[in-house]
Every structure is written in C-alpha cells, then in structure tokens.
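Notes for the one structure printed next.
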Protein chains: 2
Amino acid sequence: MPPPRRRPGGRTARIRRQVLDAVLAELGERGYDGLTMDSVAARSGVHRATVYRRWGDVGGLLADVLDAAGDDAWQPPDTGSLEGDLAALNREIHDALTAQPPIVAALIAASFRSEQADHAQRRLWEDRYARCEVIVRRAVERAELPLGTDARRLLIAATAPVYHQLVLLRTPPGPDLPGQAARTAALAASAGAFAVPPPAGDT
Amino acid sequence: MPPPRRRPGGRTARIRRQVLDAVLAELGERGYDGLTMDSVAARSGVHRATVYRRWGDVGGLLADVLDAAGDDAWQPPDTGSLEGDLAALNREIHDALTAQPPIVAALIAASFRSEQADHAQRRLWEDRYARCEVIVRRAVERAELPLGTDARRLLIAATAPVYHQLVLLRTPPGPDLPGQAARTAALAASAGAFAVPPPAGDT
DNA sequence: CCACTACTGCGACAAATGGTGCGTTAAGAT
DNA sequence: ATCTTAACGCACCATTTGTCGCAGTAGTGG
C-alpha cells in the first residue's frame, strides 16, 4: 500500500506560513526565551493545539524555520577576485547578524535549545558553506590559489572572525571587520596556508 | 545610614558553592533547557525559596557562575614562540569545548538566555582576551611581529576558527584544527596583516 | 558566653505553562 | 456535488513556576 498521501494544499500551507512568520517575529522581538508554543500560537492566530500537533515543541518550530530558510536560491557573491568575494560574503554575514530585529542571531542562539533545531542548524551551515566552495574553485581557476587548497578551511578562516565577534563576543566590532577578515584569509591562502597534501599517489 | 552589613561567612559561602556546583552539573548533564531553578535547588539540596531569593532567576545563576569562573589565576601559555603560544592556547580551548560533560559549551550556549548572563559572559570574554594580549607583546619583543600589531584582532583571528567549528558549526573538526588555525594566524601576522597605522603623529 | 539579626528552611498558595481527548470543519478525489 | 479523511478548534487537566509569611538556625560583635 502507498504511504498515506499528505495534503500540502492551501490551508495547510497557509497555516504553516503564518506560524513560521510568527516564530520569526517572536524571535526578533522577544529574543530568546520569549519563543514559546503559546506566544507563537497567539501571534499567528492559529490554535495552540494545532501548533502542538504539527510541530510538537519549540525545537520542531525552530527546525522547520531553519529548513525553510535553506530553501532559497542564495548564491555567493562573484566579484572577480578571491578577496573581493570573501569581503562581500563577510559583509552579507555582518549585515545579517546586525540587522534589526536580530533574527539571524536569535535563530543561531535558539538552535541550542533542542536536538531537532540543532540538526536543522547544522544542515543549514553545511548547505551554506557547500554553496560557497565555488568561490575557492573560481580563485583556483584564476590561478590566485594553488591547486589542492582546502576550500572549507579557507572559508571558515575567512568568516569565523565575523561570527565570533558578533555572535559570541558581542562587542562592537572594529571598523571594516568583514574586509579585514577577508584580507587576512586571502593573504594566508595565497601563501599556501590551506594546502592539502595530495593523496600520496599521483600528481 | 549604612547599608545592612552582609554576612559572607561560612554558611552563606557554603550554600553558594553548593548551588553553583549544582548549576554546572545540571548544565553538563541535561544541557540547556534542563537548567531550571527547581532542578538546581533539588540537586544542591538548597531550598527553592532560597535559590529564588538570592539569584532571582536562571540568568542570575548563570551570571554568578560566569563571574566565579573569572576569579581564577589562569595565565596564557608561554612556549617561546608566537605560533607555539597560539597553538597551545587553541588546544586549551579545544579541550575545554570538547570535554565531557560539555560544561563550557553549555555555558556559552546558555549565556544567550538572559541579559544578566549575557553581560557576565562578555566580561569573561574581555578578561580572557585581555590576559592573552601578553602573547602578542612577547612576540613583538622577540621581533617576531612588527610594532603596532593589533593584539586583539590577531588573537581573534587565531582562536575564532576553533570556536566557530566547535560551538556554531558543531561538525567534527579536521585533524589538528588548533594547530592549523594558529599557524594560519601567525603567518598572516608576520606578514603584517594586523598592523595598525600609527595615530598619525610621531613614530 | 550571650544577644542580635541576617540568612535559610518550610509549607501553602496563585498563576502561568505545557500537553491532550473529542467533536467539527475544510481540503482533495471521484 | 458529495464523500472521505486529514487538520483544526474547544475545553479540560496536570505540571511547573514563582511568591509569601513565619519559624528556626547560625554567623557576628560585644
């Protein structure tokens, strides 16, 4: 027998959007502990019991929001140079983390609250960094970087300072933090700091 | 009139230690939302009402734990070279973040839960990074680094990848993440990536 | 050693929150 | 159009959270 087919139809989708929007709004306004099943239900206009049944708990809500966030068509910037790409990427990150209300920062913080949200957050990170690897590939093609540069490590080195400063340290960043972090990483990269040894076989 | 004089004596101090230990234990075992006033009171053997009276809420508990954590005699490693110091520092961070139970990671995550805890966490970061600046000063004295190197930016660039990988991304780190991050930062630093322009006056 | 009082323990209480069975409504297929 | 079934709304209960007054205990100064 076929699995019972779902009904992705109009009402279900509408309710989902209402609830997800309410989650983001609550998260932005009341920050962190403000996100309860109750407040989400009240704001969305959907009944408490419905929210409980479809999402189970706060972690389910967050996971759904995070998964929905990954379903976009985002592409990393393409400025024509490695440092330019990294700087533009960092500026996007910086803007997202300092936007008002601070939805992205609140989402990151909230993802610690449950296993489900944690997994969804990891999927989102993985997706974003995977999409960014093209930046490094293009730089290698332009001969800005040596072959065998570890894309992931380079991307993390470039972006980590921005996240660290804004999410964990939460102190006012120095001027042009995105640009400086990008320049530092690009410099280290062109010096071969992220070279990965070939798999010990052929060229 | 003078404020009523406090009693920092035996019982009060003992109760505080019991409660703070219970906070750490709960945080390690039950991770994030597991930390409630009730569970702390139960585990510590202190009455609920006492915990409410002295600490007010979960944020108060976390803030007290964080402040207590800053009252130690920790000093950054001194290995004789910049890269060695940074690598040793990163290894300490790595070990603290991957220890079982994951108390440090849980503390960082939990510090998002309230204003009070947030402020305490910032004080702790500030204190730690300030203590680490001596690493950069020593490197400048050894002429490993140019004068006018921005200590804070260098330290953040060196340590951020470790925090980012273990706290935010939460994916298995590559081999020798601490060492690689340290080498990258040291390389960029000796190339002058963290030079700060002199204040536009004299040498 | 004694008096003073800050601090803790106790239990009862009000209020908010989390979670669930059951009848009703609306979506999707024939 | 109408039938089937998934999804929703309502009412309800259980648990947790936070507060208060009072009595007892133990530091602190004389």
Side-chain angles (χ1 to χ4, degrees), chain A residues 1-23 25-27 29-65 67-68 110 112-117, chain B residues 1-23 26-27 29-64 68 110 113-117:
Chain A
M1 73 178 65
R5 51 188 189 285
R6 298 286 162 197
R7 288 185 174 181
R11 180 170 66 164
T12 300
R14 193 181 67 243
I15 294 287
R16 176 167 182 246
R17 174 143 310 177
Q18 284 178 10
V19 169
L20 261 44
D21 285 347
V23 170
E26 283 293 307
L27 216 48
E29 278 181 23
R30 313 225 266 166
Y32 184 83
D33 282 339
L35 189 74
T36 68
M37 300 295 275
D38 211 21
S39 65
V40 169
R43 177 187 281 261
S44 66
V46 175
H47 197 271
R48 277 162 27 86
T50 301
V51 180
Y52 273 109
R53 249 190 297 271
R54 278 188 62 176
W55 287 276
D57 58 7
V58 180
L61 284 171
L62 289 168
D64 203 15
V65 169
D67 284 337
F112 290 101
R113 289 186 65 176
S114 84
E115 282 292 316
Q116 247 188 99
Chain B
M1 75 179 65
R5 51 187 190 286
R6 299 284 164 197
R7 285 186 176 182
R11 183 170 62 164
T12 301
R14 195 181 65 242
I15 294 285
R16 176 167 183 246
R17 175 143 312 178
Q18 285 179 359
V19 169
L20 294 188
D21 285 347
V23 171
E26 283 293 309
L27 217 46
E29 279 184 22
R30 312 227 264 166
Y32 186 85
D33 283 338
L35 190 74
T36 68
M37 301 294 276
D38 211 21
S39 66
V40 168
R43 177 187 281 262
S44 66
V46 175
H47 199 271
R48 273 162 29 87
T50 301
V51 180
Y52 275 107
R53 262 192 297 259
R54 279 189 62 178
W55 287 277
D57 57 6
V58 180
L61 285 172
L62 288 168
D64 203 15
R113 289 185 65 177
S114 84
E115 282 292 315
Q116 249 187 98

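Not measured: the values here are computed from a predicted model. Chain letters run A, B, ... following the sequence lines, proteins first, then strands; residues in each count from 1. Heavy-atom basis, side chains included; hydrogens, waters and symmetry copies ignored.
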Pairing of B:Asp64 and B:Arg54 as salt bridge, 4.0 angstrom limit
no
For atom [atom1] of [X] and atom [atom2] of [N], their distance in whole Å:
{"X": "B:Gln18", "N": "C:dG9", "atom1": "CD", "atom2": "C1'", "value": "13 Å"}
{"X": "A:Met37", "N": "C:dG18", "atom1": "CE", "atom2": "P", "value": "8 Å"}
{"X": "B:Asp33", "N": "C:dG18", "atom1": "CG", "atom2": "C1'", "value": "13 Å"}
{"X": "A:Arg16", "N": "D:dA6", "atom1": "CZ", "atom2": "C1'", "value": "17 Å"}
{"X": "B:Leu35", "N": "D:dT16", "atom1": "CG", "atom2": "P", "value": "16 Å"}
{"X": "A:Arg14", "N": "C:dA27", "atom1": "CZ", "atom2": "P", "value": "7 Å"}
{"X": "B:His47", "N": "D:dG24", "atom1": "NE2", "atom2": "C1'", "value": "13 Å"}
{"X": "A:Trp55", "N": "D:dA7", "atom1": "CH2", "atom2": "C1'", "value": "11 Å"}

What's the closest nucleotide to the A:Asp38 side chain, out of C:dT8, C:dG18, C:dT20?
C:dG18
Closest-nucleotide 5' rank along DNA chain C - winner of B:Arg48 and B:Ile15
B:Ile15
To the nearest 0.5 Å, what is the distance between [atom1] ([X]) and [atom2] ([Y])?
{"X": "B:Leu35", "Y": "B:Glu26", "atom1": "CG", "atom2": "CD", "result": "7.0 Å"}
{"X": "A:Leu62", "Y": "A:Asp67", "atom1": "CG", "atom2": "CG", "result": "11.0 Å"}
{"X": "A:Met37", "Y": "A:Thr50", "atom1": "CE", "atom2": "OG1", "result": "10.5 Å"}

Please work out if B:Asp57 contacts a base, only the sugar-phosphate, or nothing of the nucleic acid, heavy-atom cut-off 4.0 Å.
nothing
Are A:Thr50 and D:dA7 close enough that a side-chain N or O sits under 4.0 Å from OP1 or OP2?
no
Considering just the side-chain nitrogens and oxygens of B:Tyr52, establish if one lies under 4.0 Å of OP1 or OP2 belonging to D:dT19.
no
Would you say the side chain of A:Arg53 and the base of C:dG19 hold a donor-acceptor pair, judged only by whether the two atoms sit under 3.5 Å apart?
no
Side chains of A:Asp21 and A:Arg17: closer than 4.5 Å at any heavy-atom pair?
yes
